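A, B, ... follow the sequence lines: proteins, then strands. Residue 1 opens every chain. Owing to the predicted nature of the structure, the values given are computational and were not obtained by experimental measurement.
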Number of protein chains: 2
Amino acid sequence: MKSEEIAKIAGVSRSTVSRVINNYTNVPDETKKKVLEVIEKYNYQPNTCARVLAGKKSDTIGLFVVSIADAENPNRLYKNDYFNQFTNAIVDCANSRGYYVLINIIYCESDYSRVNEIFLQKRIDGGIVLGTEKEAETLIKISKKGCPIALIDYDAEEIRKNKAENENLILVGSRDYEGAAAAVEYLIELGHTDIGLLAGRMTTYSGRQRYKAFFDTMKKHNLEINDQFVLHGDFIKSKTSNEVHALISKGRLPSAIFSSNDDMAITAIELFKENNIRVPEDISIIGFDNITLASLVKPSLTTVETPIFDIAEKTVKELISNIQKTGKGFKSYSYNTKMVIRETCAKK
Amino acid sequence: MKSEEIAKIAGVSRSTVSRVINNYTNVPDETKKKVLEVIEKYNYQPNTCARVLAGKKSDTIGLFVVSIADAENPNRLYKNDYFNQFTNAIVDCANSRGYYVLINIIYCESDYSRVNEIFLQKRIDGGIVLGTEKEAETLIKISKKGCPIALIDYDAEEIRKNKAENENLILVGSRDYEGAAAAVEYLIELGHTDIGLLAGRMTTYSGRQRYKAFFDTMKKHNLEINDQFVLHGDFIKSKTSNEVHALISKGRLPSAIFSSNDDMAITAIELFKENNIRVPEDISIIGFDNITLASLVKPSLTTVETPIFDIAEKTVKELISNIQKTGKGFKSYSYNTKMVIRETCAKK
DNA sequence: CTGAAAGCGCTTACAG
DNA sequence: CTGAAAGCGCTTACAG
């Protein structure tokens with residue numbers, strides 16, 4: 001069924017059918033009603049490709065999820081709760097605004113070229129990149145060519161520096177520095193002085209912010225940091241296991257650990273338990289993100305909540321506004337985090 | 001950049017450029033090389049919509065995830081680990097075979113019309129429906145019109161009955177009846193005779209199979225079933241809480257419970273713990289699915305593993321083969337489940 | 001207010 | 001082996 005057939009049945013021209021579909025104001029109610037009835041009756045849906053080719057938008061957003069999981073794990077992303085929540089929230093928000101979501105997983109640097117390809121193929125009106133802060137230059141270049149792009153968890157300051165003129169770039173994230181600082185302050189308030197760090201991946205903005213906040217806060221309180229207690233988990237389960245194992249085998253432990261995300265915190269807690277190190281009696285630990293799992297593990301994880309749903313919603317909303325040119329220009333938004341106190345931290 | 005410009009630069013016609021792109025065999029190597037060089041140099045990507053309009057496939061698969069989560073939860077799907085794993089596996093498999101995935105969340109019956117709409121809009125070449133076994137008739141009707149559709153976790157027998165002539169339908173699932181029967185057998189072997197059931201949603205195939213297997217296996221061993229011990233959690237957390245609460249308040253408990261999925265099992269365990277009922281000392285519990293969480297909760301959950309990745313991979317593979325017409329006809333595949341013994345079941 | 005016509009960027013018989 | 005041309009199903013100036 002195509003618009004021409006609808007036109008014939010309704011006794012009008014294709015132009016008029018098109019005007020009705022596209023909500024032109026200069027179609028008399030009667031004509032409109034007649035056409036809509038036929039459309040309804042035959043369950044007609046305009047061919048999206050023909051519309052796009054004729055100049056309409058595709059109403060499709062590309063979601064590019066950058067996997068940071070272990071390369072050796074064949075199912076990779078597959079188990080990352082944090083990304084899953086984001087993905088669902090984004091799909092949900094987009095769908096409810098009448099947008100379709102084309103989802104892509106990016107495993108390696110060369111996969112970034114897909115972002116550009118998909119834009120060039122005219123498959124999408126805009127893109128959201130979620131994950132490690134890689135290839136920012138590539139993405140900025142694409143956005144400068146007129147493709148609206150939203151970046152989640154990228155360093156706004158860094159990008160703003162010389163890209164302020166960019167009209168198609170949106171940055172959304174959370175104030176992780178403040179969140180991480182609050183977490184460390186909390187441990188200090190509990191009386192801890194010998195605090196360790198489970199650091200995230202330095203190629204991510206959040207990884208760096210949480211790292212920096214840890215050192216700054218410790219310094220602010222004149223607390224020394226034992227190099228042995230700075231573990232590089234890189235947001236990866238296997239690396240975290242290795243690092244925590246190494247720590248345990250050295251014999252001496254900090255009295256508390258700030259972990260740059262929940263996944264690593266949970267991995268660490270598992271290992272501590274296996275080695276008869278009690279949490280929080282022997283060691284306190286605080287995570288970051290408040291993933292679903294955080295409230296379900298035992299002991300439940302004290303953590304800092306990232307407002308995933310708010311971030312996702314804002315990202316979708318602003319991206320759509322850029323696509324429709326209702327709002328333009330470089331935009332950057334940052335959301336507050338929130339401490340969620342549960343069972344893994346005790347007084348020293 | 002369009003094919004005509006590439007043609008001009010390469011000194012050939014649009015037709016030839018198109019032939020190169022579409023891998024026609026009758027293009028001499030030299031011509032092919034020349035054209036490919038220009039395409040490469042200018043980073044040309046053909047406009048997908050123009051290709052589709054001219055008769056090509058869109059190389060896009062629609063993924064329709066049916067949410068069964070609590071209606072009152074605004075984030076709904078958002079927290080369902082089981083679906084997330086499926087989604088990721090499907091995207092992963094499709095991407096690696098050169099297919100794009102358009103993802104949609106279906107919340108209510110009326111959302112099913114979107115499946116048809118998206119096909120009619122020519123946005124997708126095929127669709128995968130994942131979730132509760134609703135609206136099978138609607139979906140079968142769509143597939144009969146020539147749209148390849150794959151259904152995950154639908155009742156093959158039921159559909160096969162009078163639809164064997166359907167060329168575009170694929171069913172993939174797991175042998176849940178056998179898996180559930182094995183789980184109940186396991187509890188019986190441990191010496192349990194007073195076994196309860198946490199039943200899933202009866203509108204799902206897996207919900208019914210797991211339910212039926214429980215009753216059949218109990219009967220096979222001449223074990224009585226106490227009506228009070230049959231709880232209807234419907235795969236929903238809040239309903240499960242209510243049912244388990246009611247059971248606990250009645251005072252008498254079964255010595256073991258077969259739960260139709262891990263989510264409900266984990267919810268139940270939480271409640272038992274809150275009421276000082278020890279798992280597995282006071283009550284044994286076995287789940288189904290082996291979601292990520294199952295190995296992480298304490299005590300870790302004994303369960304029956306559904307081979308999510310295998311199912312996803314097979315679904316994508318067969319759907320693509322139907323799209324490309326390399327393999328045709330009604331197809332139905334079923335995968336074996338596997339017991340994963342952990343810590344939540346003890347001898348009676 | 002509305003129709004005829006051009007055009008979007010491809011692919012593919014068709015003819016040579 | 002290859003180009004000119006028709007056609008895919010829309011939208012939108014243009015003219016009336």
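With D:dA4, D:dG9, D:dT12 as the candidates, the nucleotide lying closest to the side chain of A:Ala54 is D:dG9.
Residues A:Lys141 and A:Glu137 are not paired through a salt bridge, judged by the lack of any N-O separation under 4.0 Å between the basic side chain and the carboxylate. We find that A:Lys41 and A:Glu37 are not joined by a salt bridge, their nearest charged nitrogen and carboxylate oxygen being 4.0 Å or further apart. Between A:Lys34 and A:Glu30 there is no salt bridge, since no side-chain nitrogen of the basic residue lies less than 4.0 Å from a carboxylate oxygen of the acidic one.
Base pairing annotation: C:dA13 forms no Watson-Crick or G-U wobble pair, as no partner gives both donor-acceptor distances under 3.5 Å. D:dA4 is unpaired under the Watson-Crick or G-U wobble criterion, no partner having all donor-acceptor distances under 3.5 Å.
For A:Tyr44, no side-chain nitrogen or oxygen approaches OP1 or OP2 of D:dG9 to under 4.0 Å. When the side-chain nitrogen and oxygen atoms of B:Ser3 are compared with OP1 and OP2 of C:dT11, none of them lie within a distance under 4.0 Å. A sub-4.0 Å separation between OP1 or OP2 of C:dT12 and a side-chain N or O of B:Lys56 is present. Remark: A:Asn22 is in phosphate contact with D:dT11, judged by side-chain N or O atoms under 4.0 Å from OP1 or OP2. Under 4.0 angstrom from either OP1 or OP2 of C:dT2 there lies at least one side-chain N or O belonging to A:Thr31.
In this structure, B:Cys49 and B:Tyr24 both approach DNA chain C, and ranking their closest nucleotides by distance from the 5' end singles out B:Cys49. Toward the 5′ end of DNA chain D lies the nearest nucleotide of B:Gly11, the other residue of the pair A:Leu53 and B:Gly11 mapping further downstream.
A distance of 15.5 Å separates OH of A:Tyr100 from CZ of A:Arg123, quoted to the nearest 0.5 Å.
Using a 4.0 Å heavy-atom criterion, one finds that A:Asn47 contacts the sugar-phosphate atoms exclusively.
Remark: the B:Ser15 side chain and the D:dA4 base include a donor-acceptor N/O pair separated by less than 3.5 Å.
Remark: P of C:dC10 and CE of B:Met1 are 10 Å apart, rounded to the nearest angstrom. What separates CD1 of A:Ile39 from P of D:dC10 is a distance of 10 Å, to the nearest Å.
Annotation: cation-pi pair B:Arg114/B:Phe64 absent, no NZ/CZ under 6.0 Å from the ring centroid and within 45° of its normal.
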